[in-house]
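Taking it in order: structure first as structure tokens, then the write-up.
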Amino acid sequence: MTGIAGRFSGLLAAVVLLAGGCGSDLPDDDARELRVAIGSDLRSSEPGVNRDAVSDEILNHVVEGLVAYREDMTVGLALAERIDLSADRRSYSFHLRPGVVFHNGEPVTAREAKWSLERAFHPGSKFSCSYWFDGSQGHRIVGIEAPDRLTLRVNLDRPDAMFLTKLANHQCLVGIMHPASVARDGSWAGPVGTGPFRLAGHRRGEYVMLERFAAYRPRPEARNGYAGARRALVDRIRWQVIPDPASARAALVAGEVDIVGNVDVGAVDELKVQRGIHVVSVPGYDWTALLMRSRSGLLADRNLRLAIAHAIDYRGLAKAASFGLSKANPSIVPLDSPDWLPGHAAGYVFDPALARRYLVRSAYRGEPLVIETSRAFPMLFDNAVYIQSMLQNVGIDARIEATEWTGMMSRYLAGDFSLMTMQFSGRPDPVLGYRVILGDFDRDAWVQWQSDAAASLLETAAGEQEPGERRAVFVDVHRAMIRDVPILQLYNIPVVNAYRTDLRGVQPWGLNKLRLWGVARQ
Amino acid sequence: MTGRLIFRKLLLAVPTILIVSVVVFLLVHFVPGDPAVLIVGDANNSELLARVRVELGLGRPLIEQYADWLGRIVRLDFGRSLLTQEEVLPLVLSRFSVTAWLVTIATSLSTLIAVPLGMIAAWRHRSRFDTGIVLLSVLALSVPSFWMAIMLILLFGVELGWLPTMGYLPPSAGLRSLAFILLPVVALTFVQAGTVLRMARSATLDVMRMDYVTFARSKGLSDRRILFRHVLPNAFSPVLTIVGLIFGNLLAGAAIIETVFTVPGLGRLLVESITSRDYPVIQGAVLFISLVYIAVNLLVDLLYPVFDPKLRTKP
């Protein structure tokens, strides 16, 4: 037995020694490599097509647009050196930065920029947000021209202050790419962009590898959101797919990954006590809400919706569900946004007695109300549990039904629910935020709020260039929303990044997207 | 005899596969949600949603979709992933090779460890050793695999820093790949060993109560000869059945272990494709798994005569 044990220990020791040289599948010069944990794989390498949050995050390192969001969610410059707006505010001339080259070494000219925009916006395009530019929501692009080598002109059918905001969007990235991104048969070959990193490898289910693009020319100004200088300070970024969040945290503590973005708030305390780990949290733009199907059924009764609204302790809920990292926000405009004015603080007071009075006035007679939720995101489920307890406290028979994410999204898009805890990706501009919920009940099943007055106000804000004027309009829209009680905004989801202390330059920001240019190992 | 057995099993496999394909097809299509929902996400665009559904072919009648899929399967065309556009068959095969490598090692190890221990425990029935083995098997059966996996990660990966906590290298990478599969293999082996241990012990106990074992003892045969010559061949058949079942189950998807250790295996692929409603991948993977299951069962059937002398005799 001793002999067998001895031989087994010998084998284990050999494996451990081998493992010493390969804490992970990394080359020896891994000091120049950043290893980032991602929860799911790159879905598609085509920006804005078949996208999700992880794909957006990775591709924003590879592909750049003409413009990009700054930290404060205003629009900054990226590939454009300057923008001229015509007197009638319908024609935008983008003057491209000279000397910028694609990953294949070809210079960036207006020809490629025109090709990129036309490919994204042509009818039948698979680009997720083509409806932003085809007149479905606001303006329609009526012409894209390249009057000279470095000038791209985009003509709209009407003035629209949202055009640049949409063009800068990080989710529906309108990337400027070389036509070599597409194969001869028209199929997608891979992004030949201009970003500080280029796509160097992808092993599905395992990792995505980005390599520093040596010929990249950063903008002169400092890094600012997705705008400003994008200096690659490491040779490679390895986006390691780790589906289990606990495994991702263990890999971080073990030093096998350097950064975990989007850390669950419940794990913050656990990570903070670990040696060699920094945990940083900033207010986020993503938001959580309680959806109420107000178009028909029980919840069409405003008194019942008001009873629900006053039964919820928003401050307590935000504190408990975010582990103290977030505050209640009754508005769709994020707390940290420059568009948030004190007028957005107007919400519903937590008052169980008032809630009970509204309940008596309503048509509600003790019917069970199901709160749909999902465990895919811990906060959604936690919100549902807290809200269920608060509603039961005032006499509403609230029940919880937890389904997985795809099933819940399907019900959300079909409007097939009574109550639902939901979270939305942050929209940098309040117009885009309100358009997530506002619309026509008869036209779209996902619409949460139908209000001609609010829609008209939003149209005004969309056409208005002056920030002060727009912000005043947003306060009016918020007041209308509070009056109609179509949806209950809860709080903004904090952005939490955890990373090894030997990194510098990691800066979480409101959009909950890692930006790994400007990040290096000390 | 063997040829006929294989032919009969393969013949039986055809209706099994057909039933599996229909059930899986219907189940995945009746579950709420479809891949178009994920592709469109919270873009909140009904037109786009409808268009994506048409592009993915989801608007066609189910029977038409099924017939189309089955027609292609017959030509070994498993289709392409709706989300990633990858070909399903190479995808399933590549993921299966990872799982097969992991599970074969774990099953072999657990069998090699658990069968002798179970037999010795039965041979020393009601001794301290036997009690210890029973307790160990209960522990192995009671511990959830994900808990075991996380504990191994925390101990050997985080605290001691000896082994990688995640990732995978194929066997072609040589000895380095062992470091990556050691913890998943230990987690799988431990959990499987409990079942095999109990079965080996109880099967051995049953055989030891047989008259011919008493007769062998009375003849004065040595313990070793009785155990290996008379008990093991007769006790191994039920153990083999269990090992075959476990092996088949794990090949079908050691999903939890693969997820926790970030191993790109078939189980993880299946879970991911179910959550994203990637119909061709789900259908292809399940069909493949049922084929594997049939193959494993056939292998077990063919192995019975190797261990059980009674089954070698022709009627």
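In what follows, chains carry the letters A, B, and so on, assigned in the order in which the sequence lines appear, proteins first and then strands, with residues in each chain numbered from 1. This is a predicted model, so every value here is computed, not measured.
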>> For A/Gly205, is there any backbone N or O sitting under 3.5 Å from a side-chain donor or acceptor partner on B/Arg268?
In response: yes
>> Looking at B/Thr275, is its backbone amide N or carbonyl O close enough to the side chain of A/Thr406 to form a donor-acceptor pair, meaning the two atoms are under 3.5 Å apart?
In response: yes
Quick one: of [options], who has the most non-hydrogen atom pairs under 4.5 Å with chain B?
| options | answer |
| --- | --- |
| A/Ala248, A/Ala414, A/Ser125, A/Cys172 | A/Ser125 |
| A/Met422, A/Arg443, A/Met408 | A/Arg443 |
| A/Ala376, A/Ala445, A/Pro243, A/Ala254 | A/Pro243 |

I need the [X] [atom1] to [Y] [atom2] distance, nearest 0.5 Å.
| X | Y | atom1 | atom2 | value |
| --- | --- | --- | --- | --- |
| B/Arg277 | A/Glu404 | CZ | CD | 4.0 Å |
| B/Gln85 | A/Arg43 | CD | CZ | 12.0 Å |
| B/Ile153 | A/Arg249 | CD1 | CZ | 11.5 Å |

>> Is there a side chain to side chain contact (heavy atoms under 4.5 Å, CB included) between A/Asp41 and B/Glu272? Walk through the geometry before answering.
In response: CA-CA 10 Å; A/Asp41 205 343; B/Glu272 287 167 358; over 6 Å; no
>> If I compare all heavy atoms of B/Glu55 with all of A/Lys126, which pair ends up nearest, and what's the gap?
In response: OE1-CE, 4.0 Å
> Between B/Val158 and A/Val253, what is the shortest heavy-atom contact and its length?
Replying inline: CG1-CG1, 3.5 Å
Please classify the contact between [X] and chain A as side chain, backbone, both or neither, with a heavy-atom cut-off of under 4.5 Å.
| X | answer |
| --- | --- |
| B/Leu49 | side chain |
| B/Val260 | both |
| B/Glu159 | neither |
| B/Leu83 | both |

> More than 12 foreign heavy atoms under 6.0 Å from CZ of B/Arg124: is that the case here?
Replying inline: no
> Is chain B contacted by the side chain of A/Arg411, its backbone, both, or neither, given a heavy-atom distance below 4.5 Å?
Replying inline: neither
> What part of A/Gln274 gets closer than 4.5 Å to chain B, counting heavy atoms only: side chain, backbone, both or neither?
Replying inline: neither
>> Under the criterion side chain to side chain contact (heavy atoms under 4.5 Å, CB included), I'd like the reasoning laid out for B/Thr262 against A/Glu256: C-alpha separation, chi angles, the key distance, then a yes or no.
In response: CA-CA 12 Å; B/Thr262 323; A/Glu256 288 173 52; over 6 Å; no
